[in-house]
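Naming: A, B, ... by sequence-line order, numbering from 1 per chain.
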Amino acid sequence: MRYNYGEIEKKWQKFWDENDTFKARGDQSMPKFYGLVEFPYPSGHGLHVGHPRGYTAIDIIARKKRLEGYNVLFPMGWDAFGLPTENYAIANKIHPAVVTSDNIKNFKRQLKMLGFSFDWSREVNTTDPAYYKWTQWIFLKLFERGLAYKTKMPINFCTGCKVGLANEEVVGGVCERCGSEVVQREKSQWMLKITAYAQRLIDDLDGLDYIEKVKVQQRNWIGRSEGAEVKFALRGTDDAVTVYTTRPDTLFGATYMVLSPEHPYLEKYRERIKNYDEVSEYRARAAKKSEFERTEIAKEKTGVALEGLTAVNPVNGKEIPVWISDYVLVTYGTGAIMAVPAHDTRDWEFANKFGLPIIEVVSGGGDVQKEAYTDVADGIMVNSGFLDGMAAKDASAAMIRFLEENGLGVKRVNYKLRDWVFSRQRYWGEPIPLVCCDKCGYVPLPESELPLTLPETEDFAPGGDGESPLAALTDWVNTVCPKCGGAARRETDTMPQWAGSSWYFLRYTDPANNDFLAGMDALKYWLPVDWYNGGMEHTTLHLLYSRFWHKFLYDLGAVPTKEPYQKRTSHGMILGENGEKMSKSRGNVVNPDDIVRDFGADTFRTYEMFIGAFDQATPWSMQGVKGCFKFLERVWGLQAIMTDGAEYSPALESAVHKTVKKVTEDIDRMKFNTAVAALMSLLNEVTKAGSITKGEYSALLVLLNPFAPHITEEIWQRIGNKGTITDGAWVTFDPAKTRDGEIEIVVQINGKVKDKLVVGADEDTETVKAKALAREKVRELLDGGEIVKVIVIPGRLVNIVARG
RNA sequence: GCUCGAGUGGCGGAAUUGGCAGACGCCUUGGACUUAAAAUCCAAUGUCGGCAACGACGUACCGGUUCGAGUCCGGUCUCGAGCACCA
């Protein structure tokens, strides 16, 4: 009987569908497990082999949890608004809803073909009005609470197409489609005040079981720093330039100031700035650069001195020049800095290039005329008036006290985190449910009018001059103000794709609810998500946005937990066979359909888990796929050498117990590759033994089931077991039977392995030491040399340290 | 540039706490089976030297700590991810 994966997989997938095998139970007395994977963006390319890596991992955990007696929620849905669908729709003149629906059909077919244990009855789709009704509702609540506001923000503007562009559509400073120059242009945008939650987003990480690198990335992205806001008076005006600095200790060393090219004072003091033309030309150049081009340290600094403006250092009354430079960003701090070239690398480079004075105020480094000294730890203050002689690490606090006492500045906590730009001038997104009335300003739609559905149109292309395509639909745009009844216009911007994905995990708990985003009963039972796996690339944006929304909903009383996800893990990328990122242009894309056709879903799943360390990027290998296929074929072949009996045989008992322990622990730690290796080793032992009992075979099948669910159910049935593996229980092990009575240990001389020795597992160190020293080979090698000491590591080794 | 990772045989990788480096799989080579090939099974497989026993070297590079370092510390190089309008 050959292993006919095609037939077997079809058979079991049908069985699971017909029996609702993986439907989450309504029984709230059971312990629950909510496993979550990032729902995919259903692109036209179909499933990428990268998607199933994380899905298989959580599927394995979900399947094991079910066998361990948990009520498991493992749902799937579609994050379906977004740019690529819209662009495809524009290019091919097909409605994005049609494109989306086709893509979802294909994705769903592919996911079903891989045998994931999703509860398909809870499928959600962010583009479904019944879903985005609640996305809009959340926005209205944010608006009500003052957390949504409008402000001018720079956008990428294509000078050819006359439309706003996403960063991704800007390649090398030009428009991806038409090749025209892209400039930064101010546009009024809806913003969400995520910064109001910055501190809570940092603090609440402590109680979460996120992998460490994710926590670190989130903390650094939020970027909390402590420092001071200091006012530098502008000579000849009543104004002062406020700067934020994390190094108030170095204030005496501030020898010039730098404003960002977008700083409002440039307009305000236009008359005083004698070289305004030069300044304005510099600003135009800066507008063409993206932010990280501007802050690149390796690149030569540029800037222009503002002739006619002079600032005063508040601590020593010295006049210092004011410059503008694009390395200062208007979006961070106050958009202006005090420059201390002696103790900041970027300031040093700038001062060095433009011949500005460099004054040392922290001693302990080298010559500050040659290199900036940025270390605080061991420095002593010099040239700093009342701070002189103080340890640099104490000087910041002393300076802040001085500034506050004299009204020159205040202590200030600052965050790198910026508010969330929430509007897009695009068609394929949730309409923002606001109306703009000349009398009343922005007025929210009443809840009863939600969802505000996307209006029908033939033309999804962005409007000219950077407007949303919705702006052209005057019948839709012109409406009445819900407040005063007067003529008003609808907001024509839509929400970014991030909106729908910020709360989807809530909807899964109660997807058909018409009265609320999800019922409190369901939320209380299922939240928080117990285990959320996704790509490292979502660590800072999606993960932070959804934590922010969740906290906001918690404050509203709409959800019962402060945090959405208790545990967060991350998988590595799957690369092409040549070790490069998979892409059409590189021609190294692997299609899951081909692999399933040629080897089956079980092989595909097993290979994706065996491919390498789960959290590391790994290249695909067709040979590796074949190896896993061979492994499953051999497991199938064991039917021929199976003997009856539920017991474990003496030959294999210990190996089975060890494997159960290993696989159980490895799955919990996401060491899927070594779990598969352990199962392969057990198979090798069985092959050596020449036979396997039904009991041993059954244990092997349960362990392998989460990885390869179809073949294991099929064999389970064929060897005459009752029911299905899925309805049964996980296997257990006896710790006593995983330990060996005798172990081989190593004898080292000066750290080099020289001999091996078999000892009892319980023998005490003195006996082991004596046995090692008594070995003939050891005595020969020592040959009269002096033994300095002997180190015995129980169960591992004896190391004899000798001289001579 | 900033933040976070990673570098181990021909290849993917393994090595819970510092304790036999290379588990498991792939590739390759030899053998069995076959008219033959494929498939399958058995064996070898880090490098160098040696018939062998065995010896030396070996975890990106330089240095340090330790009886002992892939693992810890300091520095360097290379590669990958993210950088706020791709998702």
Side-chain angles (χ1 to χ4, degrees), chain A residues 38 40-41 43 79 81-84 87 153 155-156 164-170 189 194 212-214 216-217 219-221 223 290-299 327 331 345-346 416-426 496-498 501 535-542 544-545 570 572-573 575 579-581 607 610-613 615-628 630-631 633-634 637 665-666 669 671 673-674 676-681 683-684 687 744-753 756 788-791 793 795-802:
Chain A
E38 286 165 352
Y41 175 73
S43 81
D79 186 13
F81 276 129
L83 199 58
N87 286 341
M153 287 295 292
I155 62 162
N156 302 309
L165 297 178
N167 286 345
E168 196 188 54
E169 298 173 296
V170 183
Q189 302 272 35
I194 187 173
E212 197 51 34
K213 63 179 171 183
V214 169
V216 171
Q217 279 283 45
R219 281 198 199 99
N220 289 341
W221 184 261
S290 73
E291 205 159 276
F292 73 84
E293 278 174 320
R294 285 172 48 165
T295 47
E296 249 180 320
I297 209 159
K299 202 199 53 189
Y327 79 96
T331 47
T345 312
R346 284 166 308 175
K416 283 207 182 92
L417 182 69
R418 309 202 297 252
D419 280 338
W420 175 3
V421 184
F422 197 71
S423 37
R424 302 287 185 271
Q425 291 73 47
R426 292 282 177 172
Q497 163 284 332
W498 306 108
S501 63
M536 210 48 210
E537 69 276 17
H538 292 118
T539 303
T540 44
L541 298 181
H542 160 66
L544 209 59
Y545 290 153
S570 207
M573 231 197 290
L575 307 169
E580 290 173 27
K581 201 166 161 170
Y607 175 64
F610 188 62
I611 191 168
D615 60 344
Q616 298 300 317
T618 313
W620 186 266
S621 156
M622 233 35 233
Q623 295 298 343
V625 176
K626 282 184 193 155
C628 288
K630 256 163 67 179
F631 165 63
E633 267 192 321
R634 286 177 66 202
E665 291 172 356
D666 279 357
R669 293 184 304 140
K671 300 283 230 173
N673 54 338
T674 52
V676 174
L679 290 166
M680 288 172 170
S681 295
L683 176 66
N684 290 341
T687 307
E744 189 186 59
I745 65 164
V746 161
V747 183
Q748 297 181 333
I749 294 174
N750 293 333
K752 301 230 172 203
V753 180
K756 289 182 181 177
V788 181
K789 67 171 152 178
V790 179
I791 289 144
I793 307 295
R796 295 262 186 205
L797 58 73
V798 177
N799 186 17
I800 300 160
V801 187

Student: Decide, yes or no, whether a salt bridge links A:R426 with A:E169 under the criterion of side-chain N to carboxylate O below 4.0 Å.
Tutor: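 Yes, charged N to carboxylate O under 4.0 Å.
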
Student: Using the test salt bridge (Lys or Arg N to Asp or Glu O under 4.0 Å), find all partners of A:R424 that sit at least two apart in sequence or belong to another chain.
Tutor: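 Partners of A:R424 by the salt bridge (Lys or Arg N to Asp or Glu O under 4.0 Å) criterion come out as none, since no residue qualifies.
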
Student: So, does A:N684 get its side chain near the phosphate of B:rA23, meaning an N or O under 4.0 Å from OP1 or OP2?
Tutor: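 No.
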
Student: Check whether any side-chain nitrogen or oxygen of A:R418 sits under 4.0 Å from OP1 or OP2 of B:rA84, and answer yes or no.
Tutor: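 Looking at the OP1 and OP2 atoms of B:rA84, neither is under 4.0 Å from any side-chain N or O of A:R418.
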
Student: When you measure from the side chain of A:N750 to the backbone of A:A802, do you find a donor-acceptor pair of N or O atoms at a distance under 3.5 Å?
Tutor: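 Yes: the side chain of A:N750 pairs with the backbone of A:A802.
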
Student: So for A:K626 and B:rC26, does any side-chain atom that can act as donor or acceptor lie under 3.5 Å from a complementary atom in the base?
Tutor: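 Under the 3.5 Å cut-off, the side chain and the base do not form any donor-acceptor pair.
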
Student: Give the nucleotide from the list B:rC24, B:rG19, B:rC83 with an atom nearest to the side chain of A:R796.
Tutor: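 Ranking B:rC24, B:rG19, B:rC83 by closest atom to the A:R796 side chain puts B:rG19 first.
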
Student: What is the glycosidic conformation of B:rG9: syn, defined as within 90° of 0, or anti?
Tutor: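 Classified syn.
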
Student: Please check if any side-chain donor atom of A:E38 sits under 3.5 Å from a side-chain acceptor atom of A:H542, or the reverse.
Tutor: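 There is no such pair (donor and acceptor under 3.5 Å, judged by atom type) between the side chains of A:E38 and A:H542.
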
Student: Test for a donor-acceptor pair under 3.5 Å between the base of B:rC85 and the side chain of A:N167, counting only N and O atoms.
Tutor: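 Flag unset: no donor-acceptor pair detected.
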
Student: A:M680 has a side chain; which of B:rC85, B:rC67, B:rC24 sits nearest to it?
Tutor: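 In terms of side-chain proximity for A:M680, the closest of B:rC85, B:rC67, B:rC24 is B:rC24.
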
Student: Check the interface with nucleotides 3-9 of chain B: list each N/O to N/O pair with the protein under 3.5 Å, or write none.
Tutor:
from	atom 1	to	atom 2	distance (Å)
B:rU3	O3'	A:N220	ND2	2.6
B:rU3	O2'	A:Q217	OE1	2.9
B:rU3	O2'	A:N220	ND2	3.0
B:rC4	OP1	A:N220	ND2	3.4
B:rC4	O4'	A:Q217	OE1	3.4

Student: In this structure, which stretches of RNA chain B are paired as stems of three or more consecutive Watson-Crick or G-U pairs, both distances less than 3.5 Å?
Tutor: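 Paired runs of 3+ in RNA chain B: B:1-7 with B:77-83, B:10-12 with B:24-26, B:28-32 with B:40-44, B:46-49 with B:54-57, B:60-64 with B:72-76.
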
Student: When all nucleic acid strands are considered with a 4.0 Å heavy-atom cut-off, which category describes A:Q425: base, sugar-phosphate, or nothing?
Tutor: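 Here A:Q425 touches the bases of the nucleic acid.
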
Student: Under a 3.5 Å cutoff, is there a donor and acceptor pairing between the side chains of A:T540 and A:Q217?
Tutor: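 Checked: A:T540/A:Q217 side chains show no N/O donor-acceptor pair below 3.5 Å.
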
Student: Considering just the side-chain nitrogens and oxygens of A:K416, establish if one lies under 4.0 Å of OP1 or OP2 belonging to B:rA84.
Tutor: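 Answer no for this pair, as no side-chain N or O of A:K416 is under 4.0 Å from OP1 or OP2.
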
Student: Closest approach to the side chain of A:P619, judged atom by atom: which nucleotide of B:rU16, B:rC83, B:rG13 is it?
Tutor: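 The closest nucleotide is B:rG13.
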
Student: Does A:K752 put a side-chain nitrogen or oxygen below 4.0 Å from OP1 or OP2 of B:rC57?
Tutor: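 Affirmative; the distance criterion is met.
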
Student: Please state whether the rings of A:W620 and A:Y607 are parallel, tilted or perpendicular, taking 30° and 60° as the class boundaries.
Tutor: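 A:W620 vs A:Y607 ring planes: perpendicular.
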
Student: If we take the C1' atom in both B:rU8 and B:rC61, what is their distance in whole Å?
Tutor: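 About 15 Å, rounded to a whole number of Å.
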
Student: What nucleic acid atoms does A:L165 come within less than 4.0 Å of, heavy atoms only: base, sugar-phosphate, or nothing?
Tutor: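 Since a base atom lies under 4.0 Å of A:L165, the category is base.
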
